[in-house]
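First comes the structure, then the notes that go with it.
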Amino acid sequence: MSVISLLFFLTLHHGFLLASPAVDQFTFDGFAGANLLLDGTAEVTADGLLMLTNGTTLLKGHAFYSSILRFHAAASTPRSFSTAFVFGILSEYADISSPGLAFVVSKSSNFSTALQSQYMGLANAANNGNASNHFLAVELDTVVNAEFGDMSGNHVGINVDGLKSVVADNAGYYDDGTGAFRNMSLLNRTAAQVWVDFDALTSLVNITMAPLEVPKPKRPLLSATVNLLSVIQDEAYVGFSSSTGVVSSRHYVLAWSFRMDGLAPPLNTQKLPGLPFTIPKRSSKMLKILLPIASAALVLALAITVIVIDRRRRKYAELKEDWETEFGPHRFSYKDLFHATNGFCDERLLGIGGFGRVYKGVLPASGTVVAVKKVSHESRQGMREFISEVVSIGQIRHRNLVRLLGYCRRKRELLLVYDHMPNGSLDKFLYDHSMPVLSWSQRLGVISDVASSVLYLHEDWEKVILHRDIKASNVLLDADMNARLGDFGLARMYDHGTDPHTTHVVGTMGYLAPELGHTGKASKASDVFAFGVFMLEVACGRRPISQDEHGDHFLLVDRVVEHWREGTITDAVDPRLRGDFAVQEASFVLTLCLLCSHPLPSARPGIRQIMQFLDGNTPLPELSEAHRSVNMLVLMQNQVVLNSHSLPSTVAGNISDIPGAR
Ligand SMILES: *[C@@H]1O[C@H](CO)[C@@H](O)[C@H](O)[C@H]1NC(C)=O
Ligand SMILES: *[C@@H]1O[C@H](CO)[C@@H](O)[C@H](O)[C@H]1NC(C)=O
Ligand SMILES: *[C@@H]1O[C@H](CO)[C@@H](O)[C@H](O)[C@H]1NC(C)=O
């Protein structure tokens, strides 16, 4: 330690720091006992070497002079400064190394967010080059990094705020005698000296380097104009930054001097501690070839990982709110449903309804076969009530109801998970002529199955559940061809003995009771209306609304009413049965259909009564002609107009169920 620095430390210890001009100059001929700010891998070794990195890969280290220095004179003009240091790099390999080290003049001594490897402990990918970094660095770089435009694996550069050099050149010096350029190797395990001189008048930074035995060359290796005060502002720390990449290497500073407003004190290069040559030299031919590939591959792999993770996050993103914890057991993860349905692929598509697509799925954990219905929904309003209803409905067990197993919520999407019914929906059997014809007795069975499920929903469960969308396509057939009412996507429940609330009118055209257009109130009677239309479908094998040869729409109900008036009601029975049915029974069922789908709600029987009729315990009441004279189609079309204002997505979705309306 020189006399000057000793003086400095004495003044420091006596608290004269601010007043003393000695703070502008220091010399370390070896660092034993030096007062430095060290972080990371940086340490002063027992031999008095400042070791910035210790050979462990992918780490960084910094060493700064302990006090901040004033880089401006009065009137905010910058001050000249000059520094000299001796450095040495010991790499595990003879010809490749980790990035290197840098002399730094920095507003902050905190580089905790900086990265190792090619970032040399100076910056990170986000802030590299950002003017808010406030540093000037002189890098001694032993690795070519294309991203920073590095020229070679043996270069010196002047950097401002980042790793991309303002100017750079291969390590070396200009011979004072001949003027010739002499290459130097940063990696030859030999200490070398560097001078950094900033001239306040010209704003020029000069970098000069030379082997230890060569005095400071007159011609600098490189120069750049730097507006120093705008980079570091008024005060700054001076010191060194270094980091390792994937190659084990150590970066040392052996001696260092600094001076404001003048030339750095010369270093005593004769008396320096030697570099420890303990690391064996290894050939790195293969590594040299593989390393750039490996690091490129690593960067690529990282990028891909980030993209993949982000994609997965988005792909499986769900909407989950605090209140849903109580429904936990009924909540499915989107990821499971995604895998269960093979990514909702078309091969798994069971059907497309007015409210969404239904997919077949196999739950990964249990192997249970399920049907997953994707319903799009925009509003989150009432979602809590809706989910709580879905979950309560899910607790209902009845042999003629498709079990609702649970749900999952995503942005704009609700997924409902049901038991899968192997024979699919009833409407296929009714309308797809490639399917086997259902016999009359099978049809009666289906009607009575569905009637008993509606009875359960309306009367026998603890609350009243209105299904609101009874129709052939919502009736599913299990493996034994038993009918089960499914799709509670629209169901609403209320307490027995109370009035259902007015809600948006939902359901499917052709099944909507006429009073719904006026009252907007779903009721048991409106479910019975839909049930009547459903029975007609089953008995007649026709859709509730069809088109005649002139393209005019007509209602199945109206057609059956005509037959009834003419006394030929059984002519309405599905012709595919080829008359293979009991006429008495058919006439009875069709009359019951007309009773149920009566325009006046009060004229419709309740579901318990319907069960009694079907069981043959109670005779049917008279069907009165006067009540049937209403033109139902006109009523229904009025509904569409009414509802299309309030419910664009749901009713509009179902208008497409009318043939010709597509
Ligand atoms: C280098 O320093 C780090 C901590 O900064 C330490 O974990 C590591 O063991 C050191 N490596 C060697 C070789 O001493
Ligand atoms: C630079 O860093 C500042 C502060 O960290 C930040 O606000 C700004 O957006 C960054 N600029 C660029 C171009 O990244
Ligand atoms: C100095 O080294 C560079 C690359 O490291 C090489 O291209 C150049 O030819 C060398 N020059 C001399 C004079 O050896």
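Both ligands and their constituent atoms are indexed starting at 1 by order of listing.
- Asp234 contributes atom CG, which lies 11.5 Å from atom CZ of Phe71 (distance to the nearest 0.5 angstrom).
- Shortest contact from atom 10 (C) of ligand 1 to any protein heavy atom: Asn54 ND2, 2.4 Å.
- The residues Lys374 and Glu413 are annotated as salt-bridged, a charged nitrogen and a carboxylate oxygen being separated by less than 4.0 angstrom.
- Around atom CD of Gln270, no more than 12 heavy atoms belonging to other residues, nucleotides or ligands sit under 6.0 Å away.
- For the side chain to side chain contact (heavy atoms under 4.5 Å, CB included) test with Phe103, the passing option among Val196, Val253, Ile207 is Val196; the others fail.
- Heavy-atom contacts from other residues, nucleotides or ligands closer than 6.0 Å to NZ of Lys216 number more than 12.
- In this structure, atom 2 (O) of ligand 2 has a protein heavy-atom contact shorter than 4.0 Å.
- For atom 5 (O) of ligand 2, the closest non-hydrogen atom on the protein side is Ser132 OG, 4.0 Å.
- Within 4.0 Å of atom 7 (O) of ligand 1, not a single protein heavy atom is present.
- Set against the non-hydrogen atoms of Gly40, the atoms of ligand 1 under 4.0 Å away are 5 (O).
- Because its NZ or CZ atom is both nearer than 6.0 Å to the ring centre of Tyr334 and within 45° of the ring axis, Arg410 counts as a cation-pi partner of that residue.
- Among all non-hydrogen protein atoms, the one lying nearest atom 11 (N) of ligand 2 is Asn130 ND2, 2.8 Å.
- Residue Thr41 approaches ligand 1 through these ligand atoms, each under 4.0 Å from one of its heavy atoms: 2 (O), 5 (O).
- If you number the atoms of ligand 1 from 1 as listed, the ones under 4.0 Å from a heavy atom of Thr56 come out as 1 (C), 8 (C), 10 (C), 11 (N), 12 (C), 13 (C).
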